[in-house]
Amino acid sequence: MRLLELNRVCVSYTPGKNAVNNVSAAIGENTITAIMGPSGCGKSTLLRAINRMHELYPNVETTGEILLKGKNVLRMNPMEVRRRAGMVFQRPNPFPTMSIYENVLAGYKLNGIRLGKNEREEIVETSLRNVALWDEVKDTMNKKGSFLSGGQQQRLCIARALALKPELLLMDEPTSALDPISTNRIEELLLELKEQFTIVIVTHNMAQAARISDYSMFMYLGDLVEYDTTKQMFTKPGDKRTEEYLSGVFG
Amino acid sequence: MGYGVSKLRFRNWKNKAFYIFVCVMSGITMFPLFFIIWELIKKGYKQFNYSFFTEVAPTSMDAMLAKMSDSVIPGGVLNGITGSLLILGMAIVFAIPVGILAGIYLSEKKESRFAGIIRFLTDLVQGIPSIVVGIIAYAWVVKPMHGYSALAGSVALAIMMLPLVIRSTEETLNMLPVSLKEAGLALGASYTNVILKILLPSAFGGLFTGILLAVSRIMGETAPLMLTALGAAAVNWDWSKPTSSLPLLIWEFYNDPNLIDLIWSSSLLLLLLILTLNLIAKQVANKWKIQ
Amino acid sequence: MKDKIFKSLLFFAAALILILTAGIVYSLVIRSTDAFARFGFWQFVTSPEWDPRPESEHYGALSFIVGTLMTSVLALFFCIPFSFPVALFTGEYFKGKKVASLVGSVVNLLAGIPSIVYGLWGFYTLRPIIISLGLNEQGFGVLTASLVLAIMIIPYASSLTSEFLSMVPNDLKEGAYSLGATRLEVISRVSFPAAASGILASYILALGRALGETMAVTMLIGNTNNIPSSLIDTGNTMASVIANQFGEASGLKLSSLIAIGLLLFLITAVINSIAKLAMKRIKS
């Protein structure tokens, strides 16, 4: 059984017009899968459908199956889905009223889960070590998260998602608002995190996909055009549109 | 060329003259504020003593005797201060929870038609003249209870406060980035928790500023209280009894030739309280500015 | 479950505004029916007579409607030469500078001064000036009231006008500058026309403010139940007659005063709605 399976997934914001059209794919554990494609191709919508964040928009309709460990997330309680599939966004968004420490634990606090002191300390330390932020912030744990640099903030947001020990980590262009050095650090981080977590990342940076992902999806106008190992796709794309996109004919 | 230097010079002159006009008139417009404050201080500081804050308003008789013997008018405005506290306190309790909840509703339902109507009505209520609000509270509370009361006064003030709280809540929440809400939901938090534990705390500064400004706006209201709380000579903490307030006391003093000297000190106090609230509100707004 | 309760709580809080407004209109209408039934709506609105003597009891609102319109429009007129320069100062000449926010804040604080304090100031400072100018023996009247009213509405007019002026796109102004226009010409030919409808809406809103002002006007207008014959004559506004006579009123007189309250509510509601709708259209 694969960790995540998509079966004929369709998402529409306006009736009769699919933003994501009949997408089927399966994703295995401890891999990084990149979803690429020009803007408006439906890649963000597909990602958000996995933890049902797309339902925040009005009049969304979703059909098909999205199976997380064999259970259809579209039939689950959305809050449970989101706890099990963590998400990191384009812009770092630490909670401005919470300290770094509280930010890491925000998921527990917001879900009303009480933890003992030792447990809390342990979760904070592991999560921050996971994102290589521990050494940088361990002495300023009570400062507000918004005092950190952009790259640090984004790592904090990843730590916040990891703290809930998700089965899947969804990332929506997590480096697009960052400088190249911070981007680099996060990419290195993702390669390390792969050992413990499964990552699906949306990016419109092809080089990034090539650098970090094991598998790549190419989406165009809502369709999943191609899904293969990254190596295969970047060397021998199976579809003309993929080839054109990768060679910069459009994008 | 038909375009003379003199014409250019005239245009420049006009431009400069207008600039000076704008600056001078703007300066003049700032005058009344300082003029009014100065006048109140000049005429009112003499009454600012310990008993001004600890004693109730004097009777007309006491004031007359004091004036005849050329001494300072005895008594103070304690019944006004406590009355204002009681009436404002109740108004705050009525208006703030409803105002914040309705404000959240409006910011959450930006596109809905019903929210549009509510938004329009909120503006409408905000525009209702205070004296008309007084009539309403009279009809809703004074009449059924067969008597003037602090409650009636606070209902009037709550009606005036409500739209201010709603709109400031809505505007503050609208300034928060959507990503904040998304981040909360993506962690699996319930809608309720996202709003109560993330959005409201993040908007705290704006909400608090809005509330302070709303309180400062209704603090000096006199007309609606004349029709509802009426006034009282003693300190009153009973919500069902007629109660005084600072502005009501000023009105009383103004209408009594023996007490008229007290209008300055009580107006000064009222104005200082209002300006202080305004300044605090500004400080809070600056400190809690949304990043 | 919890979310459902919370969501319905939000909805009820919002719906409460609807109920509140409906209740306000309902109460005003119900309690003024006596007066309208007795005199007829048009009679009531068009009769200038206000006679509380039991043998010839008759009430009409015209004097107060005229008094209200005279004071408010005059106040609006007086406030323009002050509020407009302030708006230009804060929204154009010194836009975004510290001095602009200082001037803006000071002028906005004018809105914080309670009506009754304005009344006192008008009574003790302005009235003697009016008397010494020989305009009026007692110093009360439409003119005195509207001068104070003008100061009171300056902040409302200037802050909104300034907002609309500062919304004029820079490209437009730069276009005019590049053709050699002076700043005044840019303001009068570009900024002002571009912001004109917004500015008009701001002043309509300020007018709405002036219509309902009570205490200061009550203390300065003279409180006589007649149509003011001139700007220096005394009179009453709709708000001031209610403030003055509500306490002792009962029966038909009370109903007539509430009827005036209803009329005042309707007038301000119409004026404010026009301004708000215009602003909404401009902003979107």
Side-chain angles (χ1 to χ4, degrees), chain B residues 11-12 14-15 18-19 21-23 25-26 28-30 32-33 36 39 98 101-102 104-106 108 115 117-118 120-125 127-132 135-136 139-140 159 162 166 190-192 216-217 220-223 226-227 247 250-251 254 263 267 270-271 274-275 278 282, chain C residues 2-3 6-7 9-11 13-14 16-18 20-21 23-24 27-28 31 81-83 85-86 88-89 93 103 105-107 109-110 112-117 120-121 125 151 154 158 182-185 208 211-215 219 239 242-243 246-247 258 261 264-265 268-269 272-273 276:
Chain B
R11 282 173 59 202
N12 275 327
K14 262 204 309 192
N15 184 40
F18 187 73
Y19 172 72
F21 169 78
V22 164
C23 292
M25 290 311 268
S26 299
I28 291 176
T29 312
M30 295 166 68
L33 180 76
I36 289 173
E39 187 114 338
V98 179
L101 288 176
I104 295 172
Y105 182 87
L106 292 185
E108 287 293 304
I117 294 171
I118 297 299
F120 177 79
L121 291 180
T122 307
D123 284 344
L124 189 83
V125 173
I128 300 178
S130 61
I131 188 86
V132 177
I135 295 180
I136 294 301
W140 288 357
I159 295 176
L162 193 56
I166 294 177
S190 65
Y191 181 77
T192 313
S216 85
R217 267 299 136 80
E221 278 300 338
T222 320
M226 286 160 55
L227 275 51
I250 298 172
W251 180 241
Y254 169 76
I263 53 176
S267 299
L270 181 60
L271 195 60
I274 290 173
L275 293 184
N278 268 291
K282 213 155 195 190
Chain C
K2 197 172 146 201
D3 280 355
F6 185 67
K7 275 183 179 167
L9 207 61
L10 295 182
F11 175 77
L16 205 63
I17 303 301
L18 186 68
L20 179 71
T21 322
I24 288 173
S27 292
L28 287 174
R31 289 184 183 269
F82 300 94
S83 58
V86 170
L88 281 174
F89 191 96
Y93 281 103
V103 170
S105 313
V106 169
V107 172
L109 279 180
L110 282 176
I113 299 179
S115 185
I116 191 167
V117 174
L120 294 177
W121 185 71
T125 309
I151 301 176
I154 284 173
S158 67
T182 63
R183 188 141 202 188
L184 171 60
E185 286 156 354
L211 289 170
E213 265 307 329
T214 313
M215 293 316 291
M219 292 159 84
I242 300 172
F246 200 88
I258 296 180
L264 181 59
F265 169 79
T268 46
N272 287 336
S273 307
K276 289 274 167 164

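Numbered from 1 within each chain, the chains take letters A, B, ... in sequence-line order.
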### Task
Measure distances from B:Ile250 to the heavy atoms of chain C and classify the residue's part below 4.5 Å as side chain, backbone, both or neither.
both
### Task
Let me know if C:Asn272 has heavy atoms under 4.5 Å from chain B in its side chain, its backbone, both or neither.
side chain
### Any B:Trp140 side-chain heavy atom under 4.5 Å of C:Ile24 side chain
yes
### Query
Among C:Val117, C:Ile258, C:Leu184, which residue forms the greatest number of heavy-atom pairs with chain B at distances under 4.5 Å?
C:Leu184
### Task
Name the member of C:Gly247, C:Gly212, C:Pro85, C:Ser27 that forms the most heavy-atom pairs with chain B at distances under 4.5 Å.
C:Pro85
### Query
What distance do C:Ile17 atom CD1 and B:Ile166 atom CD1 have between them, rounded to the nearest 0.5 Å?
3.5 Å
### Option in B:Ile28, B:Ile159, B:Thr122, B:Asp123 with maximal non-hydrogen atom pairs under 4.5 Å from chain C
B:Asp123
### Query
Do B:Ser130 and C:Thr214 come close enough that some side-chain heavy atom pair is under 4.5 Å?
yes
### Task
Examine whether an atom of C:Arg183 lies under 4.5 Å from a heavy atom of chain B, and if so say whether it belongs to the side chain, the backbone or both; otherwise answer neither.
both
### Query
Checking B:Leu121 against chain C: side chain, backbone, both or neither under 4.5 Å from a heavy atom?
both
### Query
Any idea which heavy atoms bring B:Ile274 and C:Pro114 closest together, and the distance?
CD1-CG, 3.5 Å
### Query
Is it the side chain or the backbone of B:Val125 that comes within 4.5 Å of chain C heavy atoms, both, or neither?
side chain
### Query
Using the ring of each side chain (for Trp, its six-membered ring), is B:Tyr105 parallel, tilted or perpendicular to C:Phe11, with breaks at 30° and 60°?
perpendicular
### Message
Looking only at heavy atoms and a cut-off of under 4.5 Å, which of C:Leu120, C:Leu88, C:Ile151 has the most pairs with chain B?
### Response
C:Leu120
### Task
Mind checking the CD1-CZ spacing from B:Ile104 to C:Phe6? Nearest 0.5 Å is all I need.
4.5 Å
### Query
Are B:Leu124 and C:Ser273 close enough that some pair of their side-chain heavy atoms sits under 4.5 Å apart?
yes
### Task
Can you tell which part of B:Asn15 gets under 4.5 Å to a heavy atom of chain C, answering side chain, backbone, both or neither?
both
### Query
Are any non-hydrogen side-chain atoms of C:Leu264 and B:Ile131 less than 4.5 angstrom apart?
yes
### Query
Side chain, backbone, both or neither: which part of C:Val106 has an atom under 4.5 Å from a heavy atom of chain B?
both
#### Entry: Taking every non-hydrogen atom, the tightest pair across B:Val132 and C:Gly261
CG2-O, 3.7 Å
### Task
Measure the spacing between CG of C:Leu110 and CD1 of B:Ile36 and express it to the nearest 0.5 Å.
7.0 Å
### Message
Less than 4.5 Å to any heavy atom of chain C: does that hold for the side chain of B:Tyr191, its backbone, both, or neither?
### Response
both
### Query
Taking C-beta and beyond as the side chain, do B:Met226 and C:Phe246 meet within less than 4.5 Å on heavy atoms?
no
### Task
Please name the pair of heavy atoms, one in C:Pro81 and one in B:Met25, separated by the smallest distance, quoted to 0.1 Å.
O-CE, 3.3 Å
### Message
I need the minimum non-hydrogen distance between B:Thr222 and C:Met215, along with the two atoms involved.
### Response
CB-CG, 3.6 Å
### Message
Heavy-atom cut-off 4.5 Å, strictly under: side chain, backbone, both or neither for C:Lys2 against chain B?
### Response
both
### Top contributor to chain B contacts, counting heavy-atom pairs under 4.5 Å, from C:Ile242, C:Leu9, C:Val107, C:Leu211
C:Ile242
### Taking every non-hydrogen atom, the tightest pair across B:Leu101 and C:Ala13
CB-CB, 3.4 Å
#### Entry: Euclidean distance, C:Trp121 CH2 relative to B:Ser267 OG, rounded to 0.5 Å
14.0 Å
### Task
Check whether any side-chain heavy atom of C:Thr125 sits under 4.5 Å from a side-chain heavy atom of B:Glu39, and report yes or no.
yes
### Region of C:Leu18 that comes under 4.5 Å of a non-hydrogen atom in chain B
both
#### Entry: C:Ile154, part contacting chain B, at a heavy-atom distance under 4.5 Å
side chain
### Query
Considering residues at least two apart in sequence or located in another chain, which fulfil the salt bridge (charged side-chain N to carboxylate O under 4.0 Å, His left out) criterion with B:Arg217?
none
### Query
Is the closest side-chain heavy-atom distance between B:Ile128 and C:Thr268 below 4.5 Å?
no
### Task
Side-chain contact test, heavy atoms from C-beta onward, threshold under 4.5 Å: evaluate it for C:Leu16 versus B:Leu162 and give yes or no.
no
### Task
Counting only heavy atoms closer than 4.5 Å, note whether B:Tyr19 contacts chain C via side chain, backbone, both or neither.
both
#### Entry: Option in B:Ala102, B:Gly220, B:Ser216 with maximal non-hydrogen atom pairs under 4.5 Å from chain C
B:Ala102
### Task
Go through the atoms of B:Leu33 and report whether side chain, backbone, both or neither lie under 4.5 Å from a heavy atom of chain C.
both
### Task
Go through B:Phe18 and C:Glu185 one step at a time and tell me if the side-chain contact (heavy atoms from CB on, under 4.5 Å) criterion holds.
CA-CA 10 Å; B:Phe18 187 73; C:Glu185 286 156 354; over 6 Å; no
### Task
Please state whether the side chain, the backbone, both or neither of B:Leu275 comes within less than 4.5 Å of a heavy atom of chain C.
side chain
## Note on the structure
If you tally heavy-atom pairs under 4.5 Å between each of B:Ile117, B:Asn278, B:Leu227 and chain C, the highest tally belongs to B:Leu227
